[in-house]
Enquirer: 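Questions regarding the structure given below will be posed in turn.
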Amino acid sequence: MNSIVVNIGNTNIRFGLFHEDKCDISWILNTKPYRTSDELQMQFMMMYQTHKIAPADIEKIIIGSVVPQLTYDISRALQKIHGKKPTVVDRNTPSEVQPKSKQMGTDIYANLVAAYHLYPHGKKIIFDFGTALTASCIDENGETIGVIIAPGIITALNSLIHDTAQLPEIELVKPKSVLGLDTVSCMQSGMVYGYLGMVEGFIDRINNEVKDECFVIATGGVSHVYKPLTDKINIADRLHTLKGLYYLGKDL
């Protein structure tokens with residue numbers, strides 16, 4: 001079965017083309033500025049043409065969203081393209097995972113579902129480096145142990161730049177040294193190593209609290225920056241959330 005899976009986030013909209021359980025192609029669009037369903041339809045069709053995707057070959061469309069005002073317009077645009085109604089999943093969608101909260105975001109729930117399916121043994125922590133930095137923990141039985149939400153790296157960086165008069169925009173990359181001598185490397189060190197220290201601290205504290213060594217998964221837009229810098233993150237997978245949405249919607 002061929003499926004299109006869409007993860008609507010506050011910063012990006014990520015699409016994935018799944019053949020059975022494997023994501024063959026993925027692409028990202030900016031969430032803002034918001035567009036009408038007609039504009040979205042045109043944009044989606046352009047991406048389909050770029051990736052040589054024929055709408056008639058898609059048997060299922062699955063959408064997960066944390067931006068309610070976009071969910072309807074994107075659903076409508078995709079329905080016009082495919083001639084079928086998309087399946088919208090959220091924290092109320094049944095799965096083997098027990099969310100334990102009526103406030104859990106769809107993205108966090110999808111991260112837990114993907115971890116449960118992909119890494120069935122032991123406890124897992126999923127770090128999502130998105131607009132917010134989230135850490136969610138699940139055990140081998142699908143029980144949600146808990147979640148942490150902190151400001152995201154790009155969110156914090158943009159705030160730092162916009163609220164100061166002389167700090168420039170920077171590329172989020174590993175600096176040559178921890179201690180910098182120019183503004184750019186000083187900021188890079190603060191954002192990269194500062195957040196790395198936060199992530200490693202979270203891992204240590206969570207492991208201590210659950211009395212186990214959790215398997216750690218990193219996902220989200222800048223997860224690739226942090227994975228090479230620590231042995232506490234076991235795997236980085238930018239498609240992790242998409243895979244969770246796929247598992248939630250494939251049998252509905």
Enquirer: Could you work out, with side chain to side chain contact (heavy atoms under 4.5 Å, CB included) as the rule, every residue matching Thr36, not counting sequence neighbours?
Expert: Asp38, Glu39

Enquirer: Check for me whether the distance between the ring centres of Tyr247 and Tyr116 falls short of 6.0 Å.
Expert: no

Enquirer: Using atom types as modelled and distance alone, determine if a side-chain donor or acceptor of Lys60 lies under 3.5 Å from a backbone N or O of Thr87.
Expert: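 No, because the side chain of Lys60 does not come within donor-acceptor range (under 3.5 Å) of the backbone of Thr87.
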
Enquirer: Taking side-chain contact (heavy atoms from CB on, under 4.5 Å) as the criterion, tell me which of Val199, Ile206, Ile233 meets it with Val216.
Expert: Ile233

Enquirer: Which pairs of donor and acceptor atoms, one on a side chain in residues 64-73, lie under 3.5 Å apart (sequence neighbours left out)?
Expert:
| residue | atom | partner | partner atom | Å |
| --- | --- | --- | --- | --- |
| Ser65 | OG | Val67 | N | 3.0 |
| Ser65 | OG | Val67 | O | 3.2 |
| Ser65 | OG | Thr71 | OG1 | 2.9 |
| Gln69 | NE2 | Tyr34 | OH | 3.2 |
| Thr71 | OG1 | Val67 | O | 3.2 |

Enquirer: Using a 3.5 Å cut-off and no angle test, enumerate the donor-acceptor pairs between side-chain atoms of residues 127-140 and protein atoms at least two apart in sequence or in another chain.
Expert:
| residue | atom | partner | partner atom | Å |
| --- | --- | --- | --- | --- |
| Asp128 | OD2 | Asn111 | ND2 | 3.0 |
| Thr131 | OG1 | Thr11 | OG1 | 2.5 |
| Asp139 | OD1 | Asn141 | N | 2.9 |
| Asp139 | OD1 | Gly142 | N | 3.1 |
| Asp139 | OD1 | Glu143 | N | 2.9 |

Enquirer: Quick one: closest heavy-atom pair of Ser37 and Lys80, and the distance?
Expert: OG-NZ, 3.8 Å

Enquirer: Apply the test side chain to side chain contact (heavy atoms under 4.5 Å, CB included) to residues Val225 and Lys174: give CA-CA distance (whole Å), side-chain angles for both, the deciding distance (0.1 Å), then the verdict.
Expert: CA-CA 7 Å; Val225 175; Lys174 174 189 174 184; 5.7 Å; no

Enquirer: If you group Ile, Leu, Val, Met, Phe, Trp and Tyr by side-chain heavy-atom gaps below 4.5 Å, do Val6 and Val113 land in one group?
Expert: no

Enquirer: Could you check if a side-chain atom of Phe202 sits within less than 4.5 angstrom of a side-chain atom of Ile125, using non-hydrogen atoms only?
Expert: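 Not touching, per the 4.5 Å side-chain cut-off.
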
Enquirer: Give the C-alpha distance, both sets of side-chain angles, the deciding distance and a yes or no for side chain to side chain contact (heavy atoms under 4.5 Å, CB included) between His51 and Trp27.
Expert: CA-CA 9 Å; His51 295 289; Trp27 67 93; 3.6 Å; yes

Enquirer: Can you tell if the side chain of Asn12 reaches within under 4.5 Å of the side chain of Leu29, non-hydrogen atoms only?
Expert: no

Enquirer: Is it true that Tyr195 and Ile161 fall in one hydrophobic cluster, defined by side-chain heavy atoms closer than 4.5 Å?
Expert: yes

Enquirer: Give a yes or no on whether the backbone of Leu248 and the side-chain of Ser95 come within a donor-acceptor separation of less than 3.5 Å.
Expert: no

Enquirer: Does one side chain, of Gln98 or Thr144, offer a donor that lies under 3.5 Å from an acceptor on the other?
Expert: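 No, no side-chain donor-acceptor pair sits under 3.5 Å.
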
Enquirer: For Gln188 and Val173, work out which heavy atoms get closest and say how close.
Expert: NE2-CG2, 3.4 Å

Enquirer: Using the side chain to side chain contact (heavy atoms under 4.5 Å, CB included) criterion, which residues pair with Ile154? Sequence neighbours excluded.
Expert: Asn158, Leu172, Val222

Enquirer: Linking I/L/V/M/F/W/Y whenever any side-chain heavy atoms sit under 4.5 Å apart, do Ile61 and Ile81 land together?
Expert: yes

Enquirer: With heavy-atom distances below 4.5 Å as the criterion, would you say the side chains of Leu242 and Ser26 are in contact?
Expert: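 Heavy-atom side-chain distance check passes, below 4.5 Å.
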
Enquirer: His82 side chain to Pro55 main-chain N or O, any donor-acceptor pair under 3.5 Å?
Expert: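 Present.
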
Enquirer: Judged by atom type as modelled, is there a donor-acceptor pair below 3.5 Å linking the side chain of Glu59 to the main-chain atoms of Asn2?
Expert: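 Checked: pair present.
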
Enquirer: What are the two closest non-hydrogen atoms of Pro94 and Tyr109, and how far apart are they?
Expert: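 Here Pro94 and Tyr109 meet closest at C-OH, 4.0 Å.
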
Enquirer: Between Gly16 and Cys23, which heavy-atom pair has the shortest distance, and what is it?
Expert: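 Minimum heavy-atom contact is CA-SG, 3.9 Å.
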
Enquirer: Any donor-acceptor pair under 3.5 Å linking the side chain of Ser189 with the backbone of Ser185?
Expert: no

Enquirer: Please collect all salt bridge (charged side-chain N to carboxylate O under 4.0 Å, His left out) contacts where either partner lies in residues 215-239, sequence neighbours excluded, each pair once.
Expert: Asp204-Lys232, Asp237-Lys243

Enquirer: Given side chains that start at C-beta, do those of Arg76 and Gln41 come closer than 4.5 Å, heavy atoms only?
Expert: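 They are not in side-chain contact.
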
Enquirer: Please tell me whether Met198 and Met187 are part of a single hydrophobic cluster in this structure, the criterion being side-chain heavy atoms less than 4.5 Å apart.
Expert: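 Linked, Met198 and Met187 end up in one cluster.
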
Enquirer: Would you name the heavy atoms of Ala115 and Ile126 that are closest together and state the gap between them?
Expert: CB-CD1, 3.7 Å

Enquirer: Would you say the side chain of Ile28 lies within less than 4.5 Å of the side chain of Phe15, judging by non-hydrogen atoms?
Expert: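 With C-beta onward as the side chain, the pair stays apart.
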
Enquirer: Applying salt bridge (charged side-chain N to carboxylate O under 4.0 Å, His left out) as the test, list every pair that has at least one member in residues 2-31; sequence neighbours left out.
Expert: Asp21-Lys250

Enquirer: Using atom types as modelled and distance alone, determine if a side-chain donor or acceptor of Thr50 lies under 3.5 Å from a backbone N or O of Met46.
Expert: yes

Enquirer: Grab the two heavy atoms, one from Asn234 and one from Cys214, that are nearest each other, plus how far apart they are.
Expert: OD1-O, 4.0 Å

Enquirer: Determine whether Val97 and Tyr246 fall in the same hydrophobic cluster, where Ile, Leu, Val, Met, Phe, Trp and Tyr are linked whenever their side-chain heavy atoms lie under 4.5 Å apart.
Expert: yes

Enquirer: Near Met42 CE, under 6.0 Å, is it more than 12 heavy atoms from other residues, nucleotides or ligands?
Expert: no

Enquirer: Heavy-atom count check: over 12 atoms from other residues, nucleotides or ligands less than 6.0 Å from Gln43 CD?
Expert: yes

